[in-house]
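To keep things clear, I will list the structure first and then write my remarks on it.
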Amino acid sequence: MSLRDDLSATFLPLPGSPAVEWRTEPGLTEYPGAVTFMEERAAAIRAGHAAELIWLVEHPPLYTAGTSARSTDLLAPARFPVFETGRGGEYTYHGPGQRVAYVMLDLKRRREDVRAFVAALETWIIRTLAAFNVRGERREDRVGVWVARPDRPPLPDGTPAEDKIAAIGIRLRRWVSFHGIAINVEPDLSHFGGIVPCGIADRGVTSLVDLGLPVTIHDLDSALRAAFEQVFGPVATEREASRQPAA
């Protein structure tokens with residue numbers, strides 16, 4: 001089996017496909033309503049009634065449990081609301097200062113290849129971080145994007161210290177994706193202490209601000225959009241997308 005590093009760095013749509021709608025939600029978005037919206041939008045995309053969508057949100061503090069979550073990894077169940085969700089992965093935290101990008105794409109217009117899709121999402125994050133001179137890295141034995149921490153002692157097994165800066169958790173229904181990615185800009189990192197993030201106990205969590213970079217959510221959004229177009233193709237605002245004919 002090929003490594004994710006060896007897969008194509010792009011996940012472009014078929015020629016003639018309409019641009020992906022790009023939407024930024026103001027304020028904090030409640031999680032249950034977000035899931036309902038994604039499920040409805042994914043169904044509309046599959047039916048040909050709506051454009052693909054990247055939906056940028058922030059959530060109030062909460063934990064979500066993916067399909068592989070272990071109950072022992074929820075260390076503080078009363079700390080924040082906990083939601084079981086159908087995405088892949090284990091426990092993760094969402095909260096203010098973290099940019100969540102929900103990814104509703106039609107893989108039948110692109111490639112029916114889940115591993116290549118995950119690799120493309122990682123590439124999108126890595127290129128976004130590169131805009132701030134941060135070297136994000138993937139790991140073949142786990143999903144997400146990591147940052148080496150040479151300023152800290154190595155782990156007990158001798159491997160270099162590293163922190164997770166971005167998580168990925170997706171779900172596919174009839175080859176339309178939903179859920180997506182989360183990048184830490186300036187969340188309260190202590191909130192990750194209520195879980196074992198993504199089931200990995202021996203590595204930490206970081207953010208752009210924790211790395212010493214005065215980056216805002218708005219800064220990240222601009223970099224996200226530029227990197228997305230490199231990997232997945234053109235995007236349009238909601239108004240622009242509404243004027244495009246359905247594929």
Side-chain angles (χ1 to χ4, degrees), residues 25-32 34-35 56-66 68-85 87-102 122 125-126 128-129 132-139 142-157 159-169 179-221 223-224:
E25 198 71 25
L28 299 180
T29 301
E30 296 295 331
Y31 191 77
V35 173
L56 305 182
V57 307
E58 284 181 90
H59 289 302
L62 58 93
Y63 298 127
T64 66
S68 300
R70 295 169 294 193
S71 60
T72 53
D73 287 344
L74 181 59
L75 306 179
R79 188 169 186 178
F80 298 123
V82 180
F83 298 95
E84 294 193 5
T85 183
R87 63 160 175 80
E90 302 185 56
Y91 280 104
T92 195
Y93 165 77
H94 294 315
Q98 180 192 73
R99 174 53 86 203
V100 176
Y102 287 130
E122 291 172 334
I125 296 167
I126 290 167
T128 298
L129 296 175
F132 306 103
N133 295 316
V134 173
R135 180 181 174 85
E137 301 175 348
R138 60 166 56 92
R139 297 289 181 261
R142 53 192 186 274
V143 174
V145 175
W146 301 78
V147 176
R149 302 303 302 264
D151 53 313
R152 296 211 308 261
L155 298 175
D157 63 1
T159 57
E162 61 183 3
D163 287 337
K164 193 169 193 174
I165 195 167
I168 297 174
H179 298 282
I181 69 171
I183 301 178
N184 297 329
V185 180
E186 192 179 10
D188 185 336
L189 294 178
S190 71
H191 290 176
F192 285 89
I195 56 173
V196 177
C198 302
I200 301 170
D202 60 350
R203 287 164 172 81
V205 179
T206 191
S207 69
L208 288 167
V209 170
D210 182 55
L211 293 172
L213 299 168
V215 176
T216 67
I217 288 280
H218 177 75
D219 296 331
L220 182 78
D221 289 351
L224 272 170

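Formation of a donor-acceptor pair under 3.5 Å by the Arg152 side chain with backbone atoms of Leu155 is not found in this model.
Atoms CZ and NZ, from Phe192 and Lys164 in turn, are 9.5 Å apart once rounded to the nearest 0.5 Å. To the nearest 0.5 Å, atoms OG1 (Thr206) and CG (Leu189) are separated by 6.5 Å. Rounding to the nearest 0.5 Å gives a distance of 8.5 Å between CZ of Arg138 and CD1 of Ile168. With rounding to the nearest 0.5 Å, the separation of CZ in Phe83 from NE2 in His94 is 10.5 Å. Interatomic distance, NE2 of His191 versus CZ of Arg79, reported as 5.5 Å (0.5 Å rounding). Put simply, CG on Leu220 and CD on Gln98 are 10.5 Å apart, with the number rounded to the nearest 0.5 Å.
Closest approach of Pro153 and Ala161 over heavy atoms only: O-CB, 3.4 Å. Taking every heavy atom of both residues into account, Pro187 and Ser207 meet most closely at CD-CB, 3.8 Å. Taking every heavy atom of both residues into account, Pro96 and Pro61 meet most closely at CD-CD, 3.7 Å. Taking each heavy atom of Gly136 and Val145 in turn, the nearest pair found is CA-CG1, 3.7 Å. The minimum heavy-atom distance linking Ala69 with Ala65 is given by the pair CB-CB, 3.7 Å. Taking every heavy atom of both residues into account, Val215 and Val185 meet most closely at O-CG1, 3.5 Å.
For the pair His179/Val35, a side-chain contact is recorded, criterion being any heavy-atom separation below 4.5 Å from C-beta on. At least one side-chain heavy atom of Leu211 sits less than 4.5 Å from a side-chain heavy atom of Ile165. You'll find the side chain of Leu213 reaches within 4.5 Å of the side chain of Val134, heavy atoms only. Residues Asp73 and Ile195 form no side-chain contact, since every pair of their non-hydrogen atoms from C-beta on lies 4.5 Å or further apart. Residues Leu62 and Val82 have side chains not in contact (no heavy-atom distance under 4.5 Å, counting atoms from C-beta outward). For the pair Leu224 and Ile183, the minimum side-chain heavy-atom distance is below 4.5 Å.
Note: Tyr102 and His59 have tilted aromatic rings, judged against thresholds of 30 and 60 degrees for the angle between ring planes.
A salt bridge does not link Asp219 to Arg99: none of the charged nitrogens lies less than 4.0 Å from a carboxylate oxygen. In this structure, Asp163 does not pair ionically with Arg203, as no charged nitrogen and carboxylate oxygen lie closer than 4.0 Å.
A cation-pi arrangement is found for Arg142 relative to Trp146, the charged atom lying closer than 6.0 Å to the ring centre and inside a 45° cone about the ring normal.
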Task: Intermediate values then yes/no, side chain to side chain contact (heavy atoms under 4.5 Å, CB included), Val196 and Leu75 - done: CA-CA 7 Å; Val196 177; Leu75 306 179; 4.1 Å; yes
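Among the candidates Tyr93, Tyr31, Tyr91, the single residue satisfying the side chain to side chain contact (heavy atoms under 4.5 Å, CB included) test with Thr64 is Tyr31.
Annotation: Glu58, atom CD; neighbour count of heavy atoms from other residues, nucleotides and ligands within 6.0 Å is above 12.
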